[in-house]
Every structure is written in C-alpha cells, then in structure tokens.
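We number each residue from 1, following the sequence as shown. All values below come from the heavy atoms of this structure, side chains included, with hydrogens, waters and symmetry mates left out.
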Amino acid sequence: MAEAHQAVAFQFTVTPDGVDFRLSREALKQVYLSGINSWKKRLIRIKNGILRGVYPGSPTSWLVVVMATMGSSYCNVDISMGLVCYIQRCLPEGCGPYHTPQTQALLSMAVFSTGVWMMGIFLFRQTLKLLLSYHGWMFEMHGRTSHFTKVWAICVRLLSSRQPMLYSFQTSLPTLPVPSVQATIQRVRAWVGHPSGQNRLDSENLSKHKGLTPAKSGLESNGPGVGTGLGQRQPSLSGPHTDNNLAGQYLESVRPLLDNEEYYRMETLAKEFQDKTAPRLQKYLVLKSWWATNYVSDWWEEYIYLRGRNPLMVNSNYYVMDFVLVKNTDVQAARLGNIVHAMILYRRKLDREDIKPVSCVGVEGTTGGGGSHLNHAGPSLQVMALGMVPMCSYQMERMFNTTRIPGKKTDVLQHLSDSRHVAVYHKGRFFKVWLYEGSRLLKPQDLEMQFQRILDDPSLPQPGEERLAALTAGGRVEWAQARQAFFSSGKNKAALDAIERAAFFVALDEESHHYDPEDEASLSLYGKALLHGNCYNRWFDKSFTLIAFKNGHLGLNTEHAWADAPIIGHLWEFVLGTDAFYLGYTETGHCVGKPNPALAPPQRLQWDIPEQCQAVIESSYQVAKALADDVELYCFQFLPFGKGLIKKCRTSPDAFVQIALQLAHFRDRGKFCLTYEASMTRMFREGRTETVRSCTSESTAFVQAMVEGTHMKAHLQNLFRKASEKHQNMYRLAMTGAGIDRHLFCLYVVSKYLGVSSPFLAEVLSEPWRLSTSQIAQFQIRMFDPDQYPSHLGAGGGFGPVADDGYGVSYMIAGENTIFFHVSSKFSSSETNAQRFGNHIRQALLDIADLFQVPKADR
C-alpha cells in the first residue's frame, strides 16, 4: 500500500526514548500546492462574484465615472448638484494627512461617483429585465419583423454588448409568470373533448420524469394540510397569447381524447374547480411567485424527482451517445484520458465562468426540455441571427461534484464546491483516480496511464463489491436503509465517500459497442448498454457516469434531478469537440506526449460488506434486472431525408416530426393518446421545462384524413399546415410561460399543503403520458463546422418509457440529411412494440414528405 503511505504528510511513533517524527517532504509539498490551488479558486470566485454583481458595469466604467466627477470639479462645474458637498460635511472629522480638506473632497467625489455608478447598473439591469420580458418576437415570422421588435432588439443589444460571463444575466432574467386559472383550464378543455378520440385515460400508470401521477410523485396526503411528497398572463409585452387562460388551455388539450359525454363531465369539473377551489390556490401561488425566484422549479425538483421512490435506472436517468460515424481511437484508456482531461478543462471554465451564456438561438430542441423551437417558419430572423436572448444557466452549477443521496422519504442532492478525483469501476472493483498532481491538472497521457493501470490490475473483487452499485439501481427506500445500516462508519463510509465526493463516475466496460450502419441492431444494443448496463456497473446516483467501452467508444448515463438534458449536452459537445479537434491521438491511437511514470497508482477502495448487506445488494439487483430486461429499445437512423427536405416543405422540422409521431401512433394503436413533448422555460430565471401537448384537434384531423385515404393532396397539405402552425404556436406559448402543466402541478402541490380536495386536479394529474417525446439538442456551441465535418454526428440519446403501456421517443434532427430516433417500450405490455412503432414512424415521415411532392433530386 505504497500509495497510502504517500498520502500521509507525517507519521510518528511513541518509543521509550520519546516521540519519533517522520516527515514526508513530497506529501507536505502536495498539501501546500493543494492549499495554494484552493486559495486561487476562492480568489477567482470572489473576483467573478464582483464582476458578475456589477454587470453590465465594470471597474473601468467606475473609474470613468470617478474621473468625470473629478474633472467637472476641477472645471468648477458641480454635476452632483451639491451632493458632493453634503457628503463631505457628513464625513467624520479627524486629524492627520488623510483628513485634509483635499482628501475629504476626493473621498466625497469617490463616494458620489460610486453611488451614481451603482444606480446606473441597477437601472440598466431593470431595463434589461423589462426588455427580456418581451416575447412578441417569437410570434413574428421570417421577413415580418415589426418596427417595435427591431427597436427592442437594438436596445437589448446595446444593454448586453459588454462581454458577459456565464452567470452575468441571471439577475436580469425575468421571473416566470403565473398564468391565470381561466387560461389554463380553457386549453385543457380544448385538448379533452374531440370526438375523434374514444379512448379513456386510466390512472393506473404514471409518468415518471415528465409528469407524474399524484401517488407516484409523492404528493399524497397523510392528513389535513399535510403533503408528504410528490413522486415529474403574461403582460402585454409577452406577445399575442395573453387572452388565453389556464382552464381553457387544459380543456383544449384533452378535446381530441374524449367523447362528447366525457368532455362534458370534464368541463363541469373544470368549471367547478375554476369557480370554487382555484381562486384560493392561485392566491398562494401568486404569493410564492413574488417571494421565490421561480414558483415552479424547487417543487418540481423535490416532488417530481427527489421524492420519487422508484428506481432511477430506466425510470429517470437517461443516456447520451458518442459520435457514431467516426472513430478516433481503439485504445480504451487513451480515449478516456482525452475525454476526462477535456471534462476537467470544461469544469475549470465553468468555475471561472469563462463559458459564454447560452442563447435561445443556438438550440434546436432538447431532451428533457430546454431547446427552442426556432426553426423554419419560426420566429423573427433578426432576433435569431443576433443570438441576443440569454437563457438561464443556473442548472450548470451542479454538473460536477454532485451526487443524489438516498433518503427514506426524500433524496437530497449533495453538491461540493470542488473535487480532485474521479471514482472508477472495472471488473467489479472500485478505484480512486486523482486528477491533479499538486495544483497541476494531469495531462491526457498521464490519465491514460492511470486508466491503463486499472485495466491491467489483476486483483479480484472483495466480497459483495462486484454488484454493490446495484443498490443505486434498485428502490430508493431499500438503498437509504442499507446506506444507513452498513455504510455510515468505518472503511465502508470512507470508500462510499470517495465515490459520492468524486467529480463524476467512470465505468470501464469489458464489452464493445458501436453503431454499424450495416447492422441496425447495433445502435439499439449500444443504447441499452448506456441506459442500464448490467445493472451494477453504473453509479446511477452520480450527476453523470462516463462509460468507456473496450473499443474506445463512449457514452453517458445521467441523473435527471440536478438538470435537464441540454445542460449535459453542452458539456458533451465541448468534450467531443475538444477530443477530436484539439487534443488528438498518435498514429498508434494513444494520447499525445509521454506520461509521468512516477505518479502514484490509482487507489483501490476497500470494503467490508457483511452477508446481510450482500443480501440487500442481491435483492436490489434482482429488482433492477427485472426492470432492465423489460425494456425494449429500438434505435435507428432515418436516412431518406433530414432537416433539408423538411425546410422545403415550409414547416418547422420539430412540428413535422411530432405530427408524424401522431400518425405513427394512430396506425400502431388505432387511437390517440395524451402526448408529452418537452419545451424549455430557460428564458426565465431558474426555468426548467414545460409540456407541449402535441396531440391537438388539428393534428388528429390531419391523421384521420391521412388514414381514410380519400382526401386530395391539397386538402391534406392544408390540414397539415394547420396542425403544424398549431404545434408551433403551442411550443412558443410553453416557452414564454403560458403553458398549463407546470401551473396545474403547482396548484396541486398547494392543494395538498392546504388539505384541499380537488377531483379536477386529481384526475388531471392521474392521466398517463402514453407517448412521451423529446427533441435532442445539438450544436449549442460551435466547436467545429458541421458542414466541413458532416460525419462528426452524435446519435443523441434516449430514456425509458414513461407509461407501462406507452412509448418513449427521443429524436435528433442531425443536420440536413438524417434523423436519429430512440424508441422505448416494455416487453410486458401486449399493446406496445418499439420496433413496430419505429417502422410506423419511418412510414409516416415518408408519407408526409410525399404530400409535398419534393423531387428526389432536391432531397
């Protein structure tokens, strides 16, 4: 255990002759360098806090104001209108060279200048917040930008022209508005009662990470006024949607799913709720919106994610794939060396706030919400081109050094300000790998050497160690109890701390996975390996697990509570781009440069796992294995066309795919269902997601006309355009805070806290999302030119089915000529089949494209 001795700065032994001290100069040097590094980080955070706090001001602008005040005084012009003299009279009198009249005059002018400077910053911020509250630009089409929007764009550009840091805009972002109850319920009405859908939604299934039923989400009441858990308007500046209301939106959304009798019943419940229960609940919600930074996000994180007691694996965590059409190296350790180094470079930029704030323009959709719907036939081209509307960046704060700690009733997110190591799993053993040597970040070649040492280590797993991570894949209550009973002291606690306090988790797999275009099943097997692995080779509690396969391909498995997918997507784009275009490899596939062989080897974590704990581990493994075996995942690349052809149809690519999904689902199941698409609300401070209910009266009318097969193409095109316009408008409403599902969710939370019973809310939140969809973000940052490197495409990622008898669908419109799909379902359901549904998606896309008769030469 040489590495253990090297970690000790000094040792002493008590002998009859006295105390014998043994100092380790190298260890003391590392302690010293580590302390220096920590202080550097503290100073950087202090500096960034000051610069962020005065944005859009700067020390230079302060100096200009001071010099202007002093210059005017020198010219005998009192621009302070007597305030400088008043401040000078208020200063305490004293003696000495620093209390002369000249010194007091200078100090008074500095105080006055600072006050003017701070007042200017405050006015600038409030003006910028007011400007960013305007969302009318989202409802203006290309080439139709109004004069008002042009003036607004110039003002925003001027107020945010100084180079911002990552969190510079946080305090200038508007707060998420609370929609009116009438607006929300009206939309619900429209969604509920279209006679085309005769299927009645039952409350047995729940939506796991998108929109949960009351029971699964954890908001069940233990008594009057007690909420134990939940288990997932605008002012006139906002745009043209202000006349809508909550009740109306909900009823509009369920209209396609209910017959006339069921719709009338729901309408009656909605009206009763709106007139009797809602006003009281709404008052509490408005009060919270005045007090809290965001009236949704804290409850959403707690009740939808942290209080969920079901396994995270499949139910909540999602996966992200590597570049699938190119291969940088076959050497597993070398690929990890570059990637881990790039990730820590990203973390350094994150700590220093050197990352440019993400704007609304750069995102074309996201998994789990977060992408804007700014595509063809979308919002004002001028605003899009300038990239001037910032999005909230607060979710990035917990990307690294974060672990979800299990609890019996609710979990907790543990976030550390820093971590200097990663935890690694290989062949049933856990290791601790340091990322720094003193204050120096290890080079890629050094990290490659460390990972290769783990791969070459012949030691065997300790008793109970191999499947230990299955605890994070099973039920949360069982994991919390085991953690308290067996990991709260001794070497088990020390080893568990090493994992939970790591920057992130690394899994070195013995299997090889990649996408072979000649073997369609290879992409699905790749996705399955990332989604759940073998149920014990991923630490599902970590903010993310970096997975390295034997052939050098990679992927991520990401915990969902701390952030939504666009956040991890931003990291992943930086890491893959840095690996491919900046770090590179030698001709033999190794990292560039020579490693330092004097580095201490990785530290093997030590465990003492009793038989009782091993029994709990085995039980969690069986639960996780049954869940993993039940998941059917079908991933495929759609090659006939991509965004290029869809643009020629003069419609939004996202709307095109969503309507195709409605057509595919109707052909697959013979009925319509409640459909979830994630949208982002990150234009508001601490915003996360909102739901776009994609099954609309317009889309169902188009689908029925397509299925009937008797309508002229011109009529079908007209129906399609109406459905597309409806979808785009709903997406914009969701992005601008006028969605309905988060509002209904918060009203439900308030009702549970107050002990108020609402049949309407209970029924609304018990409706399962049998089709849950997300578009995956790409090119949030420009690490390379995709036109110059068209093969450098990731395949996106996916998640498990939200309902037991439903589908989960994620898709990435990967450039001009291809689309990747990830379709999940459960084998235990006789009504679903992921591959069958995937084939229906293929055919639906082709059928809709044929409506527009785009020549093949133009595709």
Side-chain angles (χ1 to χ4, degrees), residues 181-207 210-214 244-275 277-278 658-659 661-663 665-677 691-708 719 722-723 726-727 730 733 739-741 743-745 747-748 758-773 802-807 831:
V181 173
Q182 183 185 6
T184 298
I185 297 180
Q186 240 0 57
R187 284 190 195 153
V188 178
R189 262 188 203 134
W191 280 334
V192 183
H194 194 276
S196 61
Q198 302 299 320
N199 58 311
R200 183 68 190 96
L201 301 177
D202 62 74
S203 60
E204 294 176 1
N205 298 310
L206 52 119
S207 307
K210 305 290 185 182
L212 302 184
T213 62
N244 292 327
N245 53 51
L246 175 75
Q249 290 183 71
Y250 174 75
L251 291 173
E252 180 186 357
S253 75
V254 290
R255 181 70 186 168
L257 306 176
L258 304 179
D259 58 27
N260 290 334
E261 182 179 347
E262 287 294 314
Y263 176 74
Y264 176 75
R265 186 182 69 83
M266 182 59 74
E267 191 174 34
T268 303
L269 287 176
K271 187 173 185 344
E272 180 183 1
F273 170 74
Q274 180 177 328
D275 294 340
T277 310
Q658 284 292 326
I659 296 170
L661 290 175
Q662 292 300 316
L663 176 58
H665 188 273
F666 190 85
R667 287 172 172 173
D668 185 79
R669 301 285 294 273
K671 57 186 178 182
F672 298 106
C673 72
L674 196 62
T675 305
Y676 180 107
E677 182 187 6
T691 303
V692 178
R693 297 186 170 215
S694 303
C695 183
T696 63
S697 297
E698 290 79 4
S699 65
T700 56
F702 168 74
V703 168
Q704 288 179 322
M706 284 287 289
V707 172
E708 288 172 5
L719 291 175
K722 287 182 178 178
K726 175 69 174 181
H727 181 82
M730 288 168 50
L733 292 174
I740 68 169
D741 283 275
H743 187 196
L744 290 170
F745 160 75
L747 289 172
Y748 182 78
S758 171
F760 172 75
L761 288 177
E763 184 152 348
V764 168
L765 270 78
S766 68
E767 296 168 343
W769 303 97
R770 289 199 172 91
L771 181 56
S772 182
T773 70
V802 167
D804 291 337
D805 59 348
Y807 292 110
E831 300 181 38

*Go through His665 and Leu661 one step at a time and tell me if the side-chain contact (heavy atoms from CB on, under 4.5 Å) criterion holds.*
CA-CA 6 Å; His665 188 273; Leu661 290 175; over 6 Å; no
*Test side-chain contact (heavy atoms from CB on, under 4.5 Å) on Tyr264 and Thr268 and set out the steps.*
CA-CA 6 Å; Tyr264 176 75; Thr268 303; 3.9 Å; yes
*side-chain contact (heavy atoms from CB on, under 4.5 Å) between Leu761 and Leu747: does it pass, once the steps are laid out?*
CA-CA 8 Å; Leu761 288 177; Leu747 289 172; 4.3 Å; yes
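Using a 4.5 Å heavy-atom threshold, the side chains of Glu767 and Leu257 count as separate. Phe672 is not listed as a side-chain neighbour of Pro256, based on a closest heavy-atom distance of 4.5 Å or more. By the 4.5 Å heavy-atom criterion applied to side chains, Cys695 and Thr700 are counted as neighbours. With contacts defined as side-chain heavy-atom distances shorter than 4.5 Å, the pair Val181/Phe273 qualifies. Inter-residue side-chain proximity for Trp769 and Thr691 is flagged as met; some heavy-atom pair is nearer than 4.5 Å. Side-chain contact check for Glu698 versus Ile659: every heavy-atom pair is 4.5 Å or farther apart. Annotation: side chain of Glu677 is not in contact with side chain of Met730 (no heavy-atom distance under 4.5 Å).
Between Arg770 and Glu831 there is no salt bridge, since no side-chain nitrogen of the basic residue lies less than 4.0 Å from a carboxylate oxygen of the acidic one.
If you take OG1 on Thr696 and CD on Gln658, they are separated by 10.5 Å, rounding to the nearest 0.5 Å. Interatomic distance, Phe745 CZ to Asp741 CG, rounded to the nearest 0.5 Å: 11.0 Å. Atom CG of Leu771 is separated from atom OH of Tyr807 by 9.5 Å, given to the nearest 0.5 angstrom.
For Glu261, there are no side-chain hydrogen bond (donor to acceptor under 3.5 Å, both in side chains) partners at least two apart in sequence or on another chain.
The two atoms that bring Phe760 and Leu269 nearest to each other are CB-O, 3.8 Å, heavy atoms only.
Side-chain atoms of Thr773 come within 3.5 Å of backbone N or O of Tyr676 as a donor-acceptor pair.
Donor-acceptor pairing under 3.5 Å is lacking for the side chains of Gln662 and Ser699.
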